[in-house]
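Have a look at the structure below before the remarks.
Residue numbering restarts at 1 for every chain, and letters A, B, ... go by the order of the sequence lines. Just so it is clear, the model here is predicted, and its values are computed rather than measured. Below, each value reflects all heavy atoms present in this structure, side chains not excepted, and no hydrogens, waters or symmetry copies.
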Amino acid sequence: EAQLVESGGGVLQPGGSLRLSCAASGFTFHDYTMHWVRQLPGKGLEWVSLVNWDGSSTFYADSVKGRFTVSRDNSKNSLYLQMNSLKTDDSALYYCAKDLMARTYYYGMDVWGQGTTVTVSS
Amino acid sequence: DIQMTQSPSSLSASVGDRVTITCQASQDIAHYLNWYQQKPGKAPKLLVYDASTLQIGVPSRFSGSGSGTDFTFTINSLQPEDVATYYCQQYDHLPLTFGGGTKVEIK
């Protein structure tokens, strides 16, 4: 069974940095685009970033472009999100998610982790 | 960015009712639309992709239709376990964007 487990969330002050991790299992990780999606408390879903199956292409929402960096290590079946210059608006539950279709840049997200919470507050 | 507008934002219906949620895209997205279900305290779950294709294992009472800018998600015979918030999401262009969600409750 495909599974994703996020870690690395925490509480920090504005301007700080944090690295989220996502450990994947139960599917051929190197065949799938991976996404980060966040959800503000009590709010809807916001796509944050994606990295394609081999890590050669990355894309970001405008709200995080230049501050967040997505990466993956296919040898470790792991996905990462480096978050710098954090703002209070970045406070959210961060999910990693697997794309539905192999070897496509983006389609839909069929496997989600349980999320990791990031709180940015002074 | 493509804006996705869902309506209603919430609804209350009785068990066994037919429930319909609409999603409108700000531009033509062909059939590049997904529907997700998110139960309280849980991660979203993909129910429908390509506007009308049911994901494996999803009960047949769920269905999706539409193309272009107007889409519909239907629950035939609402069940207590369907209490959740439902989101549409387009994947025609980056950034991927979600609708604001529709909270479905039992009357």
Side-chain angles (χ1 to χ4, degrees), chain A residues 1-6 9 20 22 24 26-27 32-52 57-66 68 70 92-102 104-117, chain B residues 1-10 21 23-25 29-58 62 64 66 71 73 84-104:
Chain A
E1 180 188 0
Q3 189 174 9
L4 298 169
V5 179
E6 302 95 336
L20 306 183
C22 173
F27 65 98
Y32 292 90
T33 286
M34 296 296 295
H35 302 265
W36 287 100
V37 177
R38 67 185 181 184
Q39 187 165 34
L40 279 64
K43 300 295 184 182
L45 301 166
E46 179 187 17
W47 175 81
V48 172
S49 180
L50 73 80
V51 56
N52 76 326
S57 294
T58 59
F59 298 93
Y60 301 91
D62 284 347
S63 57
V64 307
K65 199 173 294 182
F68 290 11
V70 62
L93 180 63
Y94 284 75
Y95 293 104
C96 67
K98 166 190 166 291
D99 204 270
L100 174 64
M101 295 295 181
T104 59
Y105 274 86
Y106 48 88
Y107 209 101
M109 301 146 207
D110 68 332
V111 180
W112 297 64
Q114 83 289 348
T116 187
T117 301
Chain B
D1 298 2
I2 298 175
Q3 308 302 316
M4 306 301 294
T5 303
Q6 269 182 255
S7 62
S9 56
S10 65
I21 299 168
C23 181
Q24 186 170 58
I29 59 169
H31 56 88
Y32 300 118
L33 185 100
N34 301 321
W35 290 97
Y36 297 86
Q37 174 193 66
Q38 186 177 31
K39 295 185 177 181
K42 300 295 186 182
K45 174 186 177 181
L46 178 65
L47 298 183
V48 173
Y49 62 94
D50 273 349
S52 60
T53 303
L54 214 59
Q55 173 69 329
I56 295 170
V58 173
F62 296 101
F71 301 86
F73 176 79
T85 300
Y86 294 83
Y87 295 93
C88 60
Q89 174 245 318
Q90 66 81 21
Y91 57 100
D92 186 40
H93 287 292
L94 292 177
L96 305 181
T97 48
F98 292 86
T102 297
K103 188 174 184 179
V104 174

Given heavy-atom pairs under 4.5 angstrom as the criterion, report whether the side chain, backbone, both or neither of B:Y32 touches chain A.
neither
Testing the 3.5 Å rule here: is there a donor-acceptor pair between the side chains of B:T97 and A:E46?
no
Would you say the side-chain atoms of A:Q39 and B:Q38 include a donor-acceptor pair closer than 3.5 Å?
yes
A:L4 side chain near A:M34 side chain, heavy-atom distance below 4.5 Å
yes
Contact between B:M4 and B:L33 at the side-chain level, heavy atoms closer than 4.5 Å - yes or no?
yes
Does any backbone or side-chain atom of A:L100 lie under 4.5 Å from a heavy atom of chain B? Answer side chain, backbone, both or neither.
side chain
Side chain, backbone, both or neither: which part of A:V48 has a heavy atom under 4.5 Å from chain B?
neither
Tell me if the centroids of the rings in B:Y91 and A:Y106 come within less than 6.0 Å of each other.
no
Option in A:V37, A:D110, A:L45 with maximal non-hydrogen atom pairs under 4.5 Å from chain B:
A:L45
Just so I understand: if I count every heavy-atom pair under 4.5 Å between each of A:F59, A:Y60, A:Y95 and chain B, which residue has the most?
A:Y95
Distance check, rounded to the nearest 0.5 Å: A:W47 atom CH2 versus B:Q90 atom CD?
10.0 Å
Between chain A and each of B:T85, B:L96, B:N34, B:D1, count heavy-atom pairs under 4.5 Å; write down the option with the most.
B:L96
If you count heavy-atom pairs under 4.5 Å between each of B:L47, B:I56, B:D50, B:D92 and chain A, which one has the most?
B:D50
